[in-house]
Amino acid sequence: MENPAFIIPEFLAFFVGMLVTFLSWMLYFALSKKSSHLLILQNNLQKIGYAWSTNNGEAIPFEKFNPEKEKIKTLYSYGILVAIMSVLSWLGLIFSVVLMLSIRLLPTRYEKRVFASELASNPVLEPDRISGILREISN
């Protein structure tokens, strides 16, 4: 039987790692949903019948967009990630932080172009200008 003095710190590390991992992903989720650029982008895309899918990283037709499904899918993905990373304890926490930073700092080229464009910064764009910018970015 293992020494109980070794088991207790490992359990503590597991629970603290799980809690910190969970809280950091929830903070990341909350901050990304309240981003002013994302809100402006959503408002602009709505003018032409589209919405930005954070899960897919692309503009999709509004009739295919379900905000509640999007939220559930995101929370489910984060939940699985937190569960996996929690099992790895402190190492999982480090992997989780690296993953969070890579998602935040290394978006796809398409996402970079969308968020660097007027779509995410100018809230008073006309629908024809929005369509033009989307076509320009897609090419």
Side-chain angles (χ1 to χ4, degrees):
M1 187 168 160
E2 289 191 38
N3 182 357
F6 176 74
I7 294 173
I8 292 173
E10 192 55 37
F11 276 130
L12 180 64
F14 169 75
F15 286 115
V16 170
M18 181 175 67
L19 180 65
V20 171
T21 302
F22 175 76
L23 291 176
S24 62
W25 275 103
M26 289 302 105
L27 178 66
Y28 171 79
F29 177 68
L31 291 177
S32 66
K33 288 293 182 192
K34 292 182 180 179
S35 161
S36 62
H37 291 292
L38 180 61
L39 295 174
I40 292 171
L41 176 63
Q42 289 289 29
N43 287 335
N44 279 329
L45 291 175
Q46 190 174 15
K47 294 174 188 175
I48 61 167
Y50 276 76
W52 183 258
S53 170
T54 53
N55 287 330
N56 300 332
E58 64 181 344
I60 59 173
F62 200 73
E63 57 270 1
K64 291 183 180 179
F65 182 72
N66 184 338
E68 198 57 38
K69 259 187 169 175
E70 180 102 358
K71 183 178 178 180
I72 290 170
K73 185 177 176 183
T74 301
L75 288 174
Y76 182 74
S77 299
Y78 287 167
I80 290 173
L81 185 65
V82 167
I84 291 170
M85 294 302 179
S86 296
V87 171
L88 297 175
S89 192
W90 292 106
L91 188 60
L93 177 61
I94 293 168
F95 286 149
S96 182
V97 169
V98 168
L99 184 62
M100 251 189 295
L101 290 174
S102 69
I103 290 171
R104 191 75 178 156
L105 301 175
L106 301 172
T108 65
R109 288 183 185 148
Y110 181 71
E111 286 177 291
K112 282 182 187 177
R113 287 187 295 211
V114 168
F115 282 95
S117 73
E118 279 186 277
L119 289 175
S121 61
N122 186 352
V124 292
L125 290 174
E126 295 296 321
D128 56 337
R129 177 72 179 128
I130 295 168
S131 298
I133 294 171
L134 269 182
R135 276 192 305 274
E136 202 175 282
I137 290 171
S138 296
N139 294 332

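Below, all heavy atoms of this structure are taken into account, side chains as well, without hydrogens, waters or symmetry copies.
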Student: How many angstroms lie between CG in Leu39 and CG in Asn43, if you round to the nearest 0.5 Å?
Tutor: 7.0 Å

Student: Check Ala51 against Leu45 and note the closest heavy-atom contact, atom names and distance.
Tutor: C-CD1, 3.9 Å

Student: Where does the angle between the aromatic ring planes of Trp52 and Tyr110 fall among parallel (under 30°), tilted (30 to 60°) and perpendicular (over 60°)?
Tutor: parallel

Student: Does any non-hydrogen side-chain atom of Leu38 lie less than 4.5 Å from one of Phe115?
Tutor: yes

Student: For the hydrophobic clusters of this structure (ILVMFWY residues joined by side-chain heavy atoms under 4.5 Å, transitively), does one cluster hold both Ile137 and Tyr50?
Tutor: yes

Student: Over all heavy atoms of both residues, which pair between Ser117 and Ser121 is shortest? Give the atoms and the distance, please.
Tutor: O-OG, 3.4 Å

Student: Which atom pair, heavy atoms only, marks the closest approach of Ile48 to Ser131?
Tutor: CG2-OG, 3.7 Å

Student: I'd like to know if the side chain of Asn44 and the backbone of Asn122 have a donor-acceptor N/O pair within less than 3.5 Å.
Tutor: yes

Student: How close do Leu125 and Lys47 get, heavy atom to heavy atom, and via which atoms?
Tutor: O-NZ, 3.0 Å

Student: About how many Å separate NZ of Lys64 and NZ of Lys69, when rounded to the nearest 0.5 Å?
Tutor: 12.5 Å

Student: How many angstroms lie between CZ in Arg129 and CG in Leu134, if you round to the nearest 0.5 Å?
Tutor: 10.5 Å

Student: Heavy atoms, side chains only, cut-off 4.5 Å: are Val114 and Glu111 in contact?
Tutor: no

